Undergrad: 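First the structure, then my questions, so here it is.
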Number of protein chains: 2
Amino acid sequence: MDRRVTKKGDDASGKERPTLKTLAFMTGLGVTTVSRALKDAPEIGAETRRRVQLVAKQIGYRPNRAGVRLRTGKTNVISLVLNTEREIMSFVSDIIYGVSEVIADTPYHLIVTPYSRSQDPLDPIRYLVETGSADGVIISRAQPNDPRARYMLEHGIPFATHGRTEMGLAHPFHDFDNYAFAGEAVRHLARIGRRRLALVTPPVGLTYYGHTVNGFADALSEVGASEVPFNTVSIDHTIEQIRMRTAQLMRRDDRPDGIVSSAAAATLAIVAGIEDAGLKLGRDVDVVSKQSSELLHLFRRELLVVNEDFRLAGSELARAVLGWIGGTEPGSLQSLSKPSEVLPYRV
Amino acid sequence: MDRRVTKKGDDASGKERPTLKTLAFMTGLGVTTVSRALKDAPEIGAETRRRVQLVAKQIGYRPNRAGVRLRTGKTNVISLVLNTEREIMSFVSDIIYGVSEVIADTPYHLIVTPYSRSQDPLDPIRYLVETGSADGVIISRAQPNDPRARYMLEHGIPFATHGRTEMGLAHPFHDFDNYAFAGEAVRHLARIGRRRLALVTPPVGLTYYGHTVNGFADALSEVGASEVPFNTVSIDHTIEQIRMRTAQLMRRDDRPDGIVSSAAAATLAIVAGIEDAGLKLGRDVDVVSKQSSELLHLFRRELLVVNEDFRLAGSELARAVLGWIGGTEPGSLQSLSKPSEVLPYRV
DNA sequence: TTGGCAACCTGTAACGTTTCAGTATATTGA
DNA sequence: TCAATATACTGAAACGTTACAGGTTGCCAA
């Protein structure tokens with residue numbers, strides 16, 4: 001079955017989508033000349049160039065992606081690789097929009113490549129590399145020793161990671177300064193008189209787990225507060241688990257009077273746990289939490305929040321991959337975003 | 001610049017990605033035969049077919065997308081078109097995962113095509129159709145008279161809408177039964193003694209605005225309760241606006257004792273507004289809200305919720321587009337999902 | 001024996017693009 | 001004046017795939 005409705009020939013009539021051949025016919029030039037004229041090649045006369053570009057614009061010529069891709073191998077695709085189970089909800093939408101903003105006026109398309117719990121996180125990456133499905137890749141949940149980053153470096157495909165790695169290899173990344181966040185959180189709690197602090201960590205194994213834990217520990221000793229260990233949960237646990245274990249913790253005699261939480265969803269559970277234990281937020285205990293949308297202050301006005309902007313992260317990551325694809329030194333495409341101040345309830 | 005690192009020739013050695021030519025060389029057959037053997041064409045001998053398929057699997061042959069696309073026009077791409085400003089956060093992530101689940105074991109890729117406030121919603125659709133960038137499209141925020149659906153029908157590109165249209169034209173859709181939701185909500189409120197009800201509607205202009213309003217009105221007269229008009233906001237308004245106007249409403253003498261909310265984010269604002277007015281949820285007023293993740297019960301235990309499953313919506317929409325692409329009658333690819341019961345706080 | 005036919009396989013062309021290796025014309029240098 | 005050279009353009013080939021229009025072989029009926 002031939003997909004064409006009518007035979008086109010060289011006549012350039014009809015409603016078919018224009019190709020280089022159409023342009024060549026209309027301008028009376030060769031296909032090669034047209035192709036080069038459109039990309040401002042120097043060996044094409046200035047007038048010819050303008051003429052071709054004018055006609056191209058007039059008839060709305062758009063290069064055929066399949067043609068380009070087949071010939072050059074360039075896909076004009078950026079792939080965002082996401083974990084279907086563990087990714088934070090607002091992260092997904094914000095980062096997509098952030099990426100979109102940046103690639104909107106480029107020829108790039110964004111494809112979303114998900115993988116699930118059951119799979120090796122390397123699987124989708126291998127697929128992308130082996131099939132050459134993308135010119136660049138964005139991954140999240142970076143690990144200190146990240147096999148995905150290593151694999152992509154080995155195979156020479158440009159990528160950017162959300163979060164840093166610690167492999168001594170330079171690659172683009174964007175990260176939120178979680179060391180600073182945890183530190184600020186501790187200092188703020190200390191400032192309002194809290195001395196016994198607990199931390200609800202990021203998932204063990206991700207790089208920013210370490211950053212957060214270190215920021216927390218360093219600030220603790222700086223302000224002379226003490227830590228109440230709370231290693232039984234991380235923000236990757238379910239709402240129910242976090243809630244239950246927080247309640248357990250808060251019923252103990254040596255319970256904390258301040259908690260630092262690395263994610264908004266976990267914070268909802270933490271607060272529920274606190275209240276399950278019959279305690280009151282703001283009186284018996286204060287909680288500082290990261291959030292990426294303005295919801296926590298509506299939830300409990302007593303919550304102390306620090307904002308992390310995922311849309312910004314998306315934009316930065318997109319800029320970074322595009323930069324690398326465009327030939328910029330990967331080591332220079334790294335950015336770290338500083339946390340906002342700890343914000344108390346605004347009336 | 002030629003992208004190939006080494007000249008391949010016909011020798012099938014090296015680390016290049018295998019093509020039909022490679023397979024042809026290895027099996028000693030012609031390229032055409034290999035191509036047909038892989039798609040189980042009847043004019044290929046049974047043994048040859050098995051042999052080719054075996055070799056193909058062994059060396060991990062994967063058809064080149066650009067080749068197929070160029071030759072056949074088939075992109076193997078589904079595009080999800082999203083509004084960057086107005087889309088509900090959890091909607092984006094859940095629907096993406098829902099779609100992904102379905103296309104995971106197909107050759108399809110998912111591309112996300114966003115558009116913003118400033119643009120005509122038809123723009124991205126036109127782009128997709130004109131450039132032939134996708135085999136199928138999923139759109140959200142369906143309107144009774146939806147120019148996007150009309151355009152795609154006219155241009156013969158398969159699509160599915162999240163929400164129904166009312167143009168008398170058959171096309172695939174998935175929708176949540178918001179008429180039933182609003183009705184159930186009203187009946188539940190009546191059952192617990194609420195008589196003066198207000199509705200926070202979906203965005204005016206979307207089809208499900210009408211469904212919701214009608215379900216609300218019909219149930220009101222069924223149970224003999226009265227409506228407190230609250231037309232100054234919809235769930236597309238900002239948190240601040242909803243909060244402020246809810247507070248205003250709740251300070252009036254004729255304030256409602258029951259509110260039905262069409263979205264979780266709006267509900268947070270509504271509750272804040274209620275409390276701003278010095279009233280207490282569950283005592284002075286009850287609120288029934290739709291939600292798509294389990295957060296509202298953590299927020300205020302007194303909230304009454306109905307769950308809407310966006311991941312399911314994503315799966316259904318994907319199945320629908322794929323069905324249409326596969327030749328199924330579009331009119332038969334329609335589904336409506338019934339709301340859960342109104343759930344009070346679970347201990 | 002021969003013609004016909006089924007079963008199985010093959011080469012060529014085309015999709016739209018870019019690159020390579022030119023060609024034709026005008027311009028320059030001596 | 002003639003050759004060398006720069007300028008402006010061109011055709012053919014190739015990327016990997018599929019559709020079309022054959023080609024060979026073997027077998028059977030006449």
Side-chain angles (χ1 to χ4, degrees), chain A residues 1-10 12 16-25 27-52 56 59 61-76 107 130-133, chain B residues 1-10 12 16-25 27-52 56 59 61-76 107 130-133:
Chain A
M1 178 186 46
D2 199 310
R3 106 200 106 92
R4 287 166 304 166
V5 180
T6 57
K7 180 113 182 74
K8 180 163 55 176
D10 276 342
E16 297 288 324
R17 184 153 162 246
T19 69
L20 288 181
K21 207 148 113 189
T22 320
L23 282 177
F25 177 77
T27 54
L29 296 163
V31 174
T32 306
T33 311
V34 172
S35 171
R36 302 175 102 145
L38 288 176
K39 39 177 63 70
D40 280 321
E43 62 269 62
I44 303 298
E47 197 201 305
T48 307
R49 212 151 53 193
R50 277 189 298 112
R51 196 159 61 90
V52 170
I59 65 173
Y61 167 76
R62 290 226 172 91
N64 178 304
R65 313 191 116 233
V68 175
R69 181 165 170 178
L70 183 56
R71 175 66 238 239
T72 65
K74 180 125 210 278
T75 62
N76 283 309
E130 283 171 9
T131 61
S133 290
Chain B
M1 178 185 51
D2 199 309
R3 105 199 109 93
R4 285 166 304 165
V5 180
T6 57
K7 180 113 184 75
K8 181 164 54 178
D10 274 341
E16 298 288 325
R17 187 141 98 88
T19 69
L20 289 181
K21 208 149 112 189
T22 321
L23 282 177
F25 177 77
T27 55
L29 296 163
V31 173
T32 306
T33 310
V34 172
S35 171
R36 302 174 101 144
L38 288 176
K39 38 178 63 69
D40 280 320
E43 60 271 61
I44 303 296
E47 196 201 308
T48 308
R49 212 151 50 193
R50 277 189 298 113
R51 195 158 61 89
V52 171
I59 65 172
Y61 168 76
R62 289 225 172 92
N64 178 304
R65 311 190 118 234
V68 175
R69 180 164 171 178
L70 183 56
R71 177 66 239 239
T72 65
K74 180 128 209 280
T75 62
N76 284 309
E130 284 170 8
T131 61
S133 290

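Just so it is clear, the structure is predicted and the values come from calculations on it, not from any experiment. In the text below, chain A, chain B and the rest are named by the order of the sequence lines, each starting its count at 1.
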Undergrad: Between P on D/dC9 and CZ on A/Arg51, what's the gap in Å once rounded to a whole number?
TA: 8 Å
Undergrad: What is the distance from atom CG of A/Leu70 to atom OG1 of A/Thr75, rounded to the nearest 0.5 Å?
TA: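 These two atoms lie 13.0 Å from each other.
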Undergrad: Can you tell me how far P of C/dT18 sits from CG of A/Leu20, to the nearest Å?
TA: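 It works out to 6 Å between those atoms.
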Undergrad: Of the candidate nucleotides C/dT18, C/dG11, D/dT17, which contains the atom at the shortest distance from the side chain of B/Tyr61?
TA: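 From the listed options, D/dT17 comes nearest.
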Undergrad: Could you tell me how far apart B/Leu29 (CG) and C/dG11 (P) are, to the nearest whole angstrom?
TA: 10 Å
Undergrad: What integer distance in Å separates A/Arg69:CZ from D/dT17:C1'?
TA: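 Result: 13 Å.
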Undergrad: Identify, with sequence neighbours excluded, every residue that meets side-chain contact (heavy atoms from CB on, under 4.5 Å) alongside B/Thr27.
TA: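 In terms of side-chain contact (heavy atoms from CB on, under 4.5 Å), with neighbours along the sequence ignored, B/Thr27 is linked to B/Leu29, B/Val34, B/Arg51, B/Val52, B/Val55.
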Undergrad: Rounding to an integer number of Å, can you tell me how far A/Arg65 CZ sits from C/dT18 P?
TA: 13 Å
Undergrad: Please tell me which of B/Gly67 and B/Gly30 maps to the more 5' nucleotide of DNA chain C, matching each residue to the nucleotide holding its nearest heavy atom.
TA: B/Gly30
Undergrad: According to side-chain hydrogen bond (donor to acceptor under 3.5 Å, both in side chains), who are the partners of B/Asn76, at least two apart in sequence or on a separate chain?
TA: B/Lys74
Undergrad: Run the salt bridge (Lys or Arg N to Asp or Glu O under 4.0 Å) test against A/Arg65 and tell me which residues pass, sequence neighbours left out.
TA: none
Undergrad: Nearest whole Å is fine: how far is D/dC15 P from A/Arg71 CZ?
TA: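 From A/Arg71 CZ to D/dC15 P: 8 Å.
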Undergrad: Can you list everything that forms a salt bridge (Lys or Arg N to Asp or Glu O under 4.0 Å) with B/Arg62? Sequence neighbours excluded, please.
TA: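 With sequence neighbours excluded, B/Arg62 shows a salt bridge (Lys or Arg N to Asp or Glu O under 4.0 Å) to A/Glu130, given in chain and number order.
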Undergrad: Compute the bend angle of the helix from C/dT1-D/dA30 to C/dA30-D/dT1 from the end axes (five pairs per end), rounded to 10°.
TA: 60°
Undergrad: Listed in order of residue number, which residues of residues 33-50 of chain A have a non-hydrogen atom at under 4.0 Å from DNA chain D?
TA: A/Thr33, A/Arg36, A/Glu43, A/Ile44, A/Gly45, A/Thr48
Undergrad: In whole Å, I'd like the distance from the CG atom of B/Asn64 to the P atom of C/dC15.
TA: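 Checked: the CG to P distance equals 18 Å.
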Undergrad: Among residues at least two apart in sequence or on other chains, which ones pass side-chain hydrogen bond (donor to acceptor under 3.5 Å, both in side chains) with A/Thr32?
TA: none
Undergrad: Show me the donor-acceptor pairs, under 3.5 Å and distance only, between side chains in residues 41-48 of chain B and residues at least two apart or in other chains.
TA:
unit_1: B/Glu43; atom_1: OE2; unit_2: B/Arg36; atom_2: NH2; d: 2.7

Undergrad: Start with the C-alpha gap between B/Asn64 and B/Arg17, add the side-chain angles, then the distance that decides, and say whether side chain to side chain contact (heavy atoms under 4.5 Å, CB included) holds.
TA: CA-CA 9 Å; B/Asn64 178 304; B/Arg17 187 141 98 88; 4.1 Å; yes
Undergrad: With A/Ser35, which residues qualify under side-chain contact (heavy atoms from CB on, under 4.5 Å), at least two apart?
TA: A/Leu20, A/Lys39
Undergrad: Rounded to whole angstroms, how far apart are CG on A/Leu70 and P on C/dA14?
TA: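 Answer to the nearest Å: 16 Å.
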